[in-house]
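Report on the following structure.
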Amino acid sequence: MSSDFEGYEQDYAVLTAEITGRIGKVPRLMGDEKKQMILNVEKQLEEARELLEQMDLEVREIPVQSRAMYSNRMRSYKQEMGKLDADFKRSRIAYSDEVRNELLGDEGNSSESQRAHLLDNTERLERSSRRLEAGYQVAVETEQIGQNILENLNQDREKIQRARERLRETDANLGKSSRVLTGMLRRIIQNRVLVVVLGIFIVFTIILAIYFSIRGH
């Protein structure tokens, strides 16, 4: 499931990069070329929104324990989409002002130049902001991965501790069993020695009885 999300994610990254480049070109184009560029951007923005919807559906299918990281990424992409819409609106405003200036003559050329310069600065600020957000997103994901690793290490440590406790219990049981077997073996040896001694005593008594009986006659 996450592989599908990452595929949509790559498509979204490529598409938004193209949209950003085209939005930056809109204020500098003229006539039919500018109109065509605006239509292309509108179409690509719609495609980007559809990709976001697909990504959102994929996130809902991801298991809850792994969903937080993808949800954070989705919030970042939606914020980026909002900024793209805002940039596109500003570029269209600049386009409308340029059409008005063409109708009025050269009086608006200086204001249009200033507006284009401001738009360039705004685009640079927006790109810097997106890079900062991307860096923050990477830091959040890294923190999440670190937490998962720590949780796994804690679980492994608990498993090792339980294994050690079971090993100690096994050693203790083996020690008890060894002592019991040693005691049993000692008693068996003692019993056999006692039987041998009794047997020797009985034989010796019989021999003495036979001897004194023969001697009496």
Side-chain angles (χ1 to χ4, degrees), residues 1-98 112-153:
M1 190 67 66
S2 61
S3 60
D4 294 334
F5 179 87
E6 290 171 357
Y8 290 130
E9 194 174 33
Q10 292 176 358
D11 293 340
Y12 180 79
V14 172
L15 186 59
T16 52
E18 292 179 358
I19 292 173
T20 301
R22 288 185 172 181
I23 288 175
K25 292 178 182 178
V26 168
R28 293 188 289 272
L29 297 177
M30 300 293 292
D32 293 337
E33 189 177 5
K34 179 172 288 190
K35 293 178 181 178
Q36 186 60 45
M37 181 65 72
I38 289 174
L39 292 175
N40 291 337
V41 172
E42 289 177 342
K43 182 179 178 181
Q44 286 185 316
L45 285 172
E46 185 61 31
E47 292 176 1
R49 293 188 189 95
E50 292 176 357
L51 279 174
L52 282 180
E53 292 177 358
Q54 292 294 331
M55 292 162 68
D56 202 12
L57 291 175
E58 292 294 332
V59 169
R60 295 177 185 176
E61 298 296 327
I62 294 175
V64 177
Q65 59 271 24
S66 304
R67 192 179 299 171
M69 180 177 66
Y70 294 96
S71 297
N72 290 333
R73 286 154 73 172
M74 280 301 302
R75 281 195 292 271
S76 177
Y77 294 143
K78 288 177 181 179
Q79 290 175 358
E80 182 181 7
M81 189 69 204
K83 290 178 181 179
L84 286 176
D85 287 331
D87 291 344
F88 183 53
K89 288 179 181 179
R90 283 194 294 269
S91 69
R92 294 195 65 175
I93 292 173
Y95 168 67
S96 300
D97 289 345
E98 184 176 319
E112 175 60 25
S113 176
Q114 292 175 356
R115 183 181 294 274
H117 181 68
L118 290 174
L119 285 172
D120 289 338
N121 290 336
T122 301
E123 289 172 7
R124 283 194 292 269
L125 289 173
E126 292 291 343
R127 286 194 295 269
S128 298
S129 177
R130 283 194 291 271
R131 284 194 292 268
L132 288 174
E133 289 182 358
Y136 172 76
Q137 184 64 34
V138 170
V140 171
E141 293 175 4
T142 303
E143 182 182 1
Q144 182 67 33
I145 292 171
Q147 290 177 351
N148 292 336
I149 292 173
L150 288 176
E151 290 176 358
N152 292 333
L153 289 175

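Here, residue 1 is the first one in the sequence, and each next residue gets the next number.
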Check your understanding: What distance do Lys25 atom NZ and Arg28 atom CZ have between them, rounded to the nearest 0.5 Å?
Key -> 8.5 Å
Practice item. Show the numbers, then the answer: is there a side chain to side chain contact (heavy atoms under 4.5 Å, CB included) between Leu52 and Met74? Key: CA-CA 8 Å; Leu52 282 180; Met74 280 301 302; 4.1 Å; yes
Study note, to complete from the structure: Sorted by chain and residue number, the side chain to side chain contact (heavy atoms under 4.5 Å, CB included) partners of Glu33 (sequence neighbours excluded) come out as Leu29
**Study point:** Candidate pair Met81 and Asp85, rule side chain to side chain contact (heavy atoms under 4.5 Å, CB included), full reasoning
**Key:** CA-CA 6 Å; Met81 189 69 204; Asp85 287 331; 4.0 Å; yes
**Study point:** Asp32 versus Gln36, side-chain donor and acceptor atoms under 3.5 Å
**Key:** no
Exercise for review: Inspect the contact between Arg60 and Asp56 and indicate whether a charged nitrogen and a carboxylate oxygen are less than 4.0 angstrom apart.
Suggested key: yes
Exercise for review: Please determine, by modelled atom types, if Tyr77 and Glu9 share a side-chain donor-acceptor pair under 3.5 angstrom.
Suggested key: yes
Check your understanding: Given the rule in the salt bridge (charged side-chain N to carboxylate O under 4.0 Å, His left out) test, do Glu46 and Lys43 qualify, once you have shown the distances and angles that lead to the verdict?
Key -> CA-CA 5 Å; Glu46 185 61 31; Lys43 182 179 178 181; over 6 Å; no
Point to revise | For Asp11, side chain to side chain contact (heavy atoms under 4.5 Å, CB included) partners two or more places apart | key: Leu51
Point to revise | Full working for side chain to side chain contact (heavy atoms under 4.5 Å, CB included) between Tyr70 and Glu6 | key: CA-CA 10 Å; Tyr70 294 96; Glu6 290 171 357; 4.2 Å; yes
Check your understanding: What distance separates Leu45 CG from Ile23 CD1, expressed to the nearest 0.5 Å?
Key -> 5.5 Å
Below 3.5 Å, can you tabulate the donor-acceptor pairs from side chains in residues 14-21 to any protein atom, sequence neighbours excluded?
residue, atom, partner, partner atom, Å
Thr16, OG1, Tyr12, O, 2.9
Thr16, OG1, Ala13, O, 3.0
Glu18, OE1, Gln44, NE2, 3.0
Thr20, OG1, Thr16, O, 2.8

Exercise for review: I would like to know whether Glu58 and Ile62 meet side chain to side chain contact (heavy atoms under 4.5 Å, CB included); could you show each step before the answer?
Suggested key: CA-CA 7 Å; Glu58 292 294 332; Ile62 294 175; 5.5 Å; no
Study note, to complete from the structure: When every non-hydrogen atom of Val26 is compared with those of Lys34, the smallest separation belongs to O-CE, 2.6 Å
Check your understanding: If every non-hydrogen atom of Ser71 is compared with every non-hydrogen atom of Val59, which pair is closest and at what distance?
Key -> OG-CG1, 3.8 Å
